Peer 1: 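The structure under discussion is supplied below as structure tokens; questions concerning it will follow.
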Amino acid sequence: MEKYYRTLRTSATGQKLQAIQDKGVEANAAKERLREKYGWENTYASNEYIYGDISGVTFPTGTEVDMQMWKPDKSIAYNAYSPRRGHKKGKAIYEEFRAVPRATRYDIDKIVGHHQAFNHVGYTMENDTYFGFAVNAGWRVEVPADCEEITASQYEELCKKSE
């Protein structure tokens, strides 16, 4: 069974969650600039990250990939590449990847008072007024005082994009 919460975007907790969302906007813009620079089609990220991680990329079909800078990385996907860190240009690309702002699920967990390592809160950032999050009822979560418990149907409403 799940418990659902919301907090105003203007609350102390909401402002911390807004900072995570702002970091996501920055990360997406940085990734787009890099995509335009290097011409990849898609990126792959570690499951740990919600924003900003670039573990590998795929290029459009027919693209001639510079194998001095890129190496095939089948651990990510069949046609994925990652920067070749042993080469000067590949290392520079890797450093550009690392410079992209990143946020993890753990960042959100800490903000809403969840401190267990092997599970994460569910969350929504779709609503213009509130942030919402969900936790398993059996978890020990120290929910901040500026968060309000809500029903499942209220949480579902939060998950809809504001119009």
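Note that the coordinates shown come from a computational prediction; the quantities given were computed from them, not determined experimentally.
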Peer 1: When you check the gap from the basic side-chain N to the acidic O, do E95 and K91 get nearer than 4.0 Å?
Peer 2: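 A salt bridge links E95 with K91.
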Peer 1: For the residue pair C159 and T124, what are the closest heavy atoms and their distance?
Peer 2: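 So the two residues come closest at CA-OG1, 3.5 Å.
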Peer 1: Is the charged tip of R6 near the ring of Y155: under 6.0 Å from the six-membered ring centre and within 45° of its axis?
Peer 2: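 Judged by the rule (NZ or CZ under 6.0 Å from the ring centre, within 45° of its axis), R6 is not positioned above Y155.
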Peer 1: Please check if F59 and M67 belong to a single hydrophobic cluster, counting links between Ile, Leu, Val, Met, Phe, Trp and Tyr side chain heavy atoms closer than 4.5 Å.
Peer 2: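 The answer is yes; both residues are in one hydrophobic cluster.
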Peer 1: Which pair of non-hydrogen atoms, one from S46 and one from S55, has the smallest distance, and what is that distance?
Peer 2: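 Reported closest heavy-atom pair: N-OG, 3.4 Å.
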Peer 1: About how many Å separate CZ of R84 and CD1 of I93, when rounded to the nearest 0.5 Å?
Peer 2: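 Rounded to the nearest 0.5 Å, the CD1-CZ separation comes out at 11.0 Å.
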Peer 1: Once rounded to the nearest 0.5 Å, what's the spacing between atom CD of E157 and atom CD of E126?
Peer 2: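 Atom-to-atom, E157:CD and E126:CD are 13.0 Å apart.
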Peer 1: Identify which one of Y78, Y81, Y44 satisfies the side-chain contact (heavy atoms from CB on, under 4.5 Å) criterion when paired with T58.
Peer 2: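 Going through Y78, Y81, Y44 one by one, the side-chain contact (heavy atoms from CB on, under 4.5 Å) with T58 is satisfied by Y44 alone.
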Peer 1: Using 0.5 Å steps for rounding, measure from the NZ atom of K89 to the CE atom of M69.
Peer 2: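 Answer for the NZ-CE pair, K89 versus M69, is 6.5 Å.
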Peer 1: Table please: side-chain donor-acceptor pairs of residues 135-144 below 3.5 Å, with sequence neighbours left out.
Peer 2:
{"unit_1": "N136", "atom_1": "OD1", "unit_2": "G138", "atom_2": "N", "d": "2.7"}

Peer 1: Answer yes if W40 and V100 sit in the same cluster of Ile, Leu, Val, Met, Phe, Trp and Tyr residues linked by side chain heavy atoms under 4.5 Å apart, and no otherwise.
Peer 2: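 Yes, because W40 and V100 connect within a single hydrophobic cluster, where side-chain heavy atoms sit under 4.5 Å apart.
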Peer 1: In a check of side-chain contact (heavy atoms from CB on, under 4.5 Å) between K31 and each of D53, T43, V57, which one passes?
Peer 2: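 Going through D53, T43, V57 one by one, the side-chain contact (heavy atoms from CB on, under 4.5 Å) with K31 is satisfied by T43 alone.
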Peer 1: Between atom OH of Y49 and atom CG of D107, what is the distance when rounded to the nearest 0.5 Å?
Peer 2: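 With rounding to 0.5 Å, OH (Y49) is 9.0 Å from CG (D107).
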Peer 1: Which pair of heavy atoms, one from S82 and one from D73, lies closest together, and at what distance?
Peer 2: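 Looks like OG-OD2, 3.2 Å.
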Peer 1: First locate atom OG1 of T63, then atom OH of Y38, and finally report the distance between them rounded to the nearest 0.5 Å.
Peer 2: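 OH of Y38 is found 15.5 Å from OG1 of T63.
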Peer 1: With heavy-atom distances below 4.5 Å as the criterion, would you say the side chains of I108 and M125 are in contact?
Peer 2: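 Result yes, sub-4.5 Å side-chain heavy-atom pair found.
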Peer 1: Rounded at 0.5 Å granularity, tell me how far CD1 in I150 sits from CD in E156.
Peer 2: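 One gets 10.0 Å once the value is rounded to the nearest 0.5 Å.
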Peer 1: Could you see if V65 belongs to whatever hydrophobic cluster contains I54? Use Ile, Leu, Val, Met, Phe, Trp, Tyr and a side-chain cutoff under 4.5 Å.
Peer 2: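 Same cluster: V65 reaches I54 through Ile, Leu, Val, Met, Phe, Trp or Tyr contacts under 4.5 Å.
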Peer 1: Quiz question: by atom type and distance under 3.5 Å, do the side chains of T13 and D146 form a donor-acceptor pair?
Peer 2: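 Indeed, the side chains of T13 and D146 share at least one donor-acceptor pair under 3.5 Å.
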Peer 1: Residues in ring pair (Phe, Tyr, Trp, His ring centres under 6.0 Å) with Y123, at least two apart?
Peer 2: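 For Y123 there are no ring pair (Phe, Tyr, Trp, His ring centres under 6.0 Å) partners, ignoring immediate neighbours.
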Peer 1: In this structure, would L17 and L158 fall into the same cluster of hydrophobic residues linked by side-chain contacts under 4.5 Å?
Peer 2: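 No, L17 and L158 fall in different hydrophobic clusters.
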Peer 1: D109 and side-chain hydrogen bond (donor to acceptor under 3.5 Å, both in side chains): which single residue from H114, Q116, H120, H115 fits?
Peer 2: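 Per the side-chain hydrogen bond (donor to acceptor under 3.5 Å, both in side chains) rule, the option paired with D109 is H120, out of H114, Q116, H120, H115.
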Peer 1: Give a yes-or-no answer on whether the side chains of E148 and Y130 include a donor-acceptor pair shorter than 3.5 Å.
Peer 2: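 Note: E148 and Y130 side chains miss the donor-acceptor criterion.
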Peer 1: Do the side chains of E41 and P60 get nearer than 4.5 Å, heavy atoms only?
Peer 2: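 When only atoms from C-beta onward are counted, E41 and P60 do touch, with a gap below 4.5 Å.
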Peer 1: So, E32 and N28: side-chain donor and acceptor under 3.5 Å apart, yes or no?
Peer 2: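 No, because no side-chain N or O of E32 sits under 3.5 Å from a partner of the opposite role on N28.
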Peer 1: May I ask you to decide if V121's main-chain N or O and R105's side chain share a donor-acceptor pair within less than 3.5 Å?
Peer 2: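 Yes, R105 side chain to V121 backbone: donor-acceptor pair under 3.5 Å.
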Peer 1: Look at the side chain of E149 and the backbone N and O of Y5, then say whether any donor-acceptor pair between them is shorter than 3.5 Å.
Peer 2: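 Not a single qualifying donor-acceptor pair exists.
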Peer 1: Under 4.5 Å between any side-chain heavy atoms of P83 and W70, yes or no?
Peer 2: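 P83 vs W70: side chains touch.
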Peer 1: Is a side-chain N or O of R102 found less than 3.5 angstrom from the main chain of Y51, in a donor-acceptor match?
Peer 2: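 Not a single qualifying donor-acceptor pair exists.
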